[in-house]
Amino acid sequence: MSEAVMQVFRGNREGGSPVEFRVPITPGMVVLDALHHIQGHQAPDLAVRWNCKAGKCGSCSAEVNGRPRLTCKTRMDALPTDQPITVNPMKTFPVIKDLVTDVSWNYEVNKKIPAFKPKAGTDWKMYQEDIDRVQEFRKCIECFLCQDVCHVLRDHDKKEFAGPRFMVRTAALEMHPLDSADRIPLVKKELGIGYCNITKCCTEVCPEEIHITDNAIIPLKERVVDEFYDPIAKLVRKITGAK
Amino acid sequence: MSDRFETHEHDVLIIGAGGAGLRAAIEALAHGAKVGVVCKSLLGKAHTVMAEGGIAAAMANVDSADGWIPHFRDTMRGGKMLNNWRMAQLHAQESIDRVKELEQWGALFDRTSDGNILQRAFGGHTFKRLCHVGDRTGLEMIRTLQDRGVEMGVDVYMECTITKLLKDGDRIAGAFGYWREQGRFVQFKAKSVIICTGGIGKSWKITSNSWECTGDGMALAYDAGAELLDMEFVQFHPTGMVWPPGVQGILVTEAVRGEGGLLTNKLGERFMQKYDPKKMELSTRDVVARSIYTEVKEGRGSEHGGAFLDISHKPAEYVKQKLPSMYHQFKELADVDITKQPMEVGPTCHYMMGGIRVEAETAQTTVPGLFAAGEAAAGLHGANRLGGNSLSDLVVFGRRAGLAAAEHAKKVSAPNIDASEIERAEREMLAPFDQSAGESPYAVHRDLQDMMQSLVGIFRVEDDLKTALAELDKLKERATKVRVEGSRMFNPGWHLARDLQCMLTVSEAVTRSALARKESRGAHSRIDYPGLDEQWGKQNNITKREGETMMLKQVARPPLPDDLKKILDE
């Protein structure tokens, strides 16, 4: 049985460093399996978040060989074996311990977004073609990998920008065929959409393959432009009642 | 009341933030209660998120002949008549409104061509009944409930584990636990407590359940003197992944069969013909799980010890649209393209039909002020749960529990917390740090899982169950001596040392109940008692704590009223 060398970050808010572990490789093994093996046999206090181990809950996010990934969906046999596999916590968020980071900021941002507000007197008829786009957004498992990779949050620490995840959530609400609230001023101001310069890094790391930039952020940017910088379009919308 | 710890006060404290816990919170908030929700993980990560196939509700959007009566009948028949009939009735009647409500809170279910909620076929359901969002229905549900709860201003205590329920005399007074992050202790004072902690799958080696499913709520309630009901009924889902080893047990949704997937053995035979020629692949889960198990055991299994499940006869685009997460799961984890190749599947420990005994209308347990809903509670599903009836269970009885708990809180005075109970809870939690020579909790957990898998699995027999009880005694002894390394700060080894206690309690309850029930019914299959027994069909197993001893007794199943009896006779 072959062995992998893992370099796993160990530390806390004060600091830390990579620690090396050797783990036997089994067929189909994923990085999370390796972390569990370390917990079970070498370091029982290694802090790792995980839940479903099936790519459905978005808990086990980390940076494997420098790339933001779900560790439960990262196959060991897809990584080069001639060098150690590095596993680090998400850089954008403060470390609590080892691979566990403080993601509470995301939950605070989320509270700023007004919930779904149905149109008055609707008969709740909706057609599949009208909800396909929104269902794409609702696939989001809140792994926060898009937040982690976003350079506005990661490198510039501009927490005035809500980040890709909350652009996706807002887009889902704005494009819900029966929603009646207007979140475009919020998108412009409190959520800071102007900070995004559409480098599409978020789209690249999304494990749910949501087209974050093309389908959520750019259309929201267009709505901001329409609402704030195009008075004629705004007038037309007011008259026709379109959102 | 001890002031050494951080203290929070609520009218209603809810333990668990899955579908049942969040629905309970929403209802209690709507009735003016001050509500707190405690959960072991981050909000939105509870096991509900993994539910795939759909939520059962007789909306009759696709099959117009459906209604609560056929849904009630299917649920009772699927549960081999051991269900609490009143729960089954309320569930069938109320699930329709609960689904509509989810839509009104922003959930987007797949649609019919005329703009209504689409419904799909599922095992044991006479009509197309499961409202769904591809194969990620649970995610849609939890996100909808989470958003609703946040909008209403619910207080959520994330990554916090409850280790003890506190009592004031006979009644509930609150709960004690620790913050996973820093390891600090915390106490909650509450007039009502609702347990929504889900299942117990982590006691078995092959399971679809997450690390959270360690039977906490059932063990907490049992310790607090509540009764557990029908603990022998553990559902093994017929289709978990079997290869590669790392993914063993991960769920393959029943929606694959609902959408037309076929089960075959290595000879290419559609073996369900032998076991249930009428319903075939859409037979109930207990039957399909036993059939696959039998095929493998008799040498007709696949290369890695499973059966083949094939959906590749459907158009590739259709498969990707209706089963997107299955497509990705197999492609990424098993190098299998399900639009072209069959999947290899086998039984995986999935769901607990048994659990905390509750009153049907109010979800109240036998302890005043203590309520339970969702998988942690028992009664609705009887001896076997139908697919899709779990998500509906969560919202129907989550709502009822939230309502009853809020009403209860209005009627009672503030409870007192007994400082000596807190001190004992604290001592118990810190004990593993004082062990210098004990073994790792992970080692004890592995042995528990291996033992339950081999001795208290799909097929059971008296000798195995007796051996299991003896093994449990040894494991309990070992668990009292486990050693924890490191500090209290986010220490999974320490967390497991505590969860292990809960798993041992529920494992013992399952084993004792399984040993007592000398018949085969639904998910409980005894090799030594292969048939249904008339007397056992009339009674439920109750597990209760007497001092330090686990006591088992049988109570008569409540008699069916004539109108419902007539429905079932049709």
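Just so we're clear, the structure is a prediction, and the values are computed from it rather than from any experiment. Below, read A as the first sequence line, B as the second, and so on, with proteins coming before strands; counting in each chain starts at 1.
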Margin query: For the CZ atom on A:Arg13, are there more than 12 heavy atoms of other groups (residues, nucleotides or ligands in this structure) within a distance under 6.0 Å?
Written below: yes
Counting heavy-atom pairs under 4.5 angstrom with chain A, the leader among B:Glu159, B:Gln182, B:His495 is B:Glu159
Heaviest contributor of heavy-atom pairs below 4.5 Å to chain A, chosen from B:Glu52, B:Lys40, B:His47, is B:Glu52
So, the part of B:Ser113 with a heavy atom under 4.5 Å from chain A: the answer is backbone
When the 4.5 angstrom heavy-atom criterion is applied to A:Glu208 and chain B, the contacting part is neither
Shortest non-hydrogen pair, B:Ser325 vs A:Lys56, comes out as OG-CE, 3.9 Å
Next on the checklist: Closer than 4.0 angstrom, basic N to acidic O: yes or no for B:Arg111 and A:Asp130?
Outcome noted: no
Turns out that what part of A:Pro118 lies under 4.5 Å from chain B's heavy atoms comes down to side chain
Applying a strict 4.5 Å limit to non-hydrogen atoms, the region of B:Leu139 in contact with chain A is side chain
Separation between NZ (A:Lys53) and CE (B:Met50), nearest 0.5 Å, reads 10.5 Å
Assert top hit (heavy-atom pairs under 4.5 Å, partner chain B, pool A:Asp45, A:Asp33, A:Asp132) equals A:Asp45
Rounded to the nearest 0.5 angstrom, the CD-OG1 distance for B:Glu332 and A:Thr74 is 9.5 Å
Separation between NZ (A:Lys97) and CE (B:Met489), nearest 0.5 Å, reads 7.5 Å
Ranking A:Lys73, A:Lys117, A:Glu129 by heavy-atom pairs under 4.5 Å to chain B gives rank one to A:Lys73
Whatever's closer than 4.5 Å to a heavy atom in chain B on A:Val48 counts as backbone
Interface check, chain A: of B:Gly106, B:Ala46, B:Gly493, most non-hydrogen pairs under 4.5 Å belong to B:Gly106
Okay, A:Asn51 and chain B: the region with an atom under 4.5 Å from a heavy atom over there is both
Honestly, the part of A:Ile141 sitting under 4.5 Å from a heavy atom of chain B is both
Comparing A:Lys125, A:Arg75, A:Met29 against chain B, the one with the most heavy-atom pairs below 4.5 Å turns out to be A:Arg75
Flag the pair B:Gln104 / A:Trp124 as yes when at least one side-chain heavy-atom distance between them is below 4.5 Å, and no otherwise. yes
Residues A:Lys111 and B:Val150: closest non-hydrogen pair is CG-CG1, 3.8 Å
query: If we only count heavy atoms from C-beta on, is the A:Tyr107 to B:Leu43 side-chain gap below 4.5 Å?
result: yes
Okay, A:Lys139 and chain B: the region with an atom under 4.5 Å from a heavy atom over there is both
Nearest heavy-atom contact between A:Cys57 and B:Lys45 is O-NZ, 2.7 Å
Applying a strict 4.5 Å limit to non-hydrogen atoms, the region of B:Gln146 in contact with chain A is side chain
Okay, B:Trp243 and chain A: the region with an atom under 4.5 Å from a heavy atom over there is side chain
The reported gap from CD in B:Glu181 to CD1 in A:Ile96 (rounded to nearest 0.5 angstrom) is 3.5 Å
| query | Mind checking whether B:Thr144 and A:Arg138 have side chains closer than 4.5 Å, heavy atoms only? | reply | yes
Whatever's closer than 4.5 Å to a heavy atom in chain A on B:Arg148 counts as neither
Greatest number of non-hydrogen atom pairs under 4.5 angstrom with chain B, of A:Cys140, A:Ala43, A:Cys72, falls to A:Cys140
Taken to the nearest 0.5 Å, the spacing of A:Gln128 CD from B:Leu118 CG works out to 8.0 Å
When the 4.5 angstrom heavy-atom criterion is applied to B:Glu212 and chain A, the contacting part is side chain
Minimal heavy-atom distance between A:Pro27 and B:Pro244, with the atoms involved, is O-CB, 3.3 Å
Applying a strict 4.5 Å limit to non-hydrogen atoms, the region of B:Gln329 in contact with chain A is side chain
All heavy atoms of A:Gly40 vs all of B:Ser440, minimum pair found to be O-OG, 4.5 Å
Bottom line for B:Trp211: the part with an atom under 4.5 Å from chain A's heavy atoms is both
Most contact-rich option vs chain A, by heavy-atom pairs under 4.5 angstrom, among B:Arg143, B:Met241, B:Lys100, is B:Arg143
When the 4.5 angstrom heavy-atom criterion is applied to A:Asn12 and chain B, the contacting part is side chain
Honestly, the part of B:Met158 sitting under 4.5 Å from a heavy atom of chain A is side chain
*asked:* With heavy-atom distances below 4.5 Å as the criterion, would you say the side chains of B:Glu140 and A:Gln135 are in contact?
replied: no
Bottom line for B:Ala334: the part with an atom under 4.5 Å from chain A's heavy atoms is backbone
In the structure I gave you, are the side-chain heavy atoms of B:Leu42 and A:Arg49 within less than 4.5 Å of one another anywhere?
yes
Whatever's closer than 4.5 Å to a heavy atom in chain A on B:Ile117 counts as neither
Note: A:Leu46 and B:Pro492 closest approach over all heavy atoms is O-CG, 3.0 Å
When the 4.5 angstrom heavy-atom criterion is applied to B:Asp335 and chain A, the contacting part is both
Under 4.5 Å to a heavy atom of chain A? For B:His328 that would be side chain
So, the part of B:Glu151 with a heavy atom under 4.5 Å from chain A: the answer is side chain
CE of A:Met126 to CG of B:Leu108, rounded to nearest 0.5 Å, is 5.5 Å
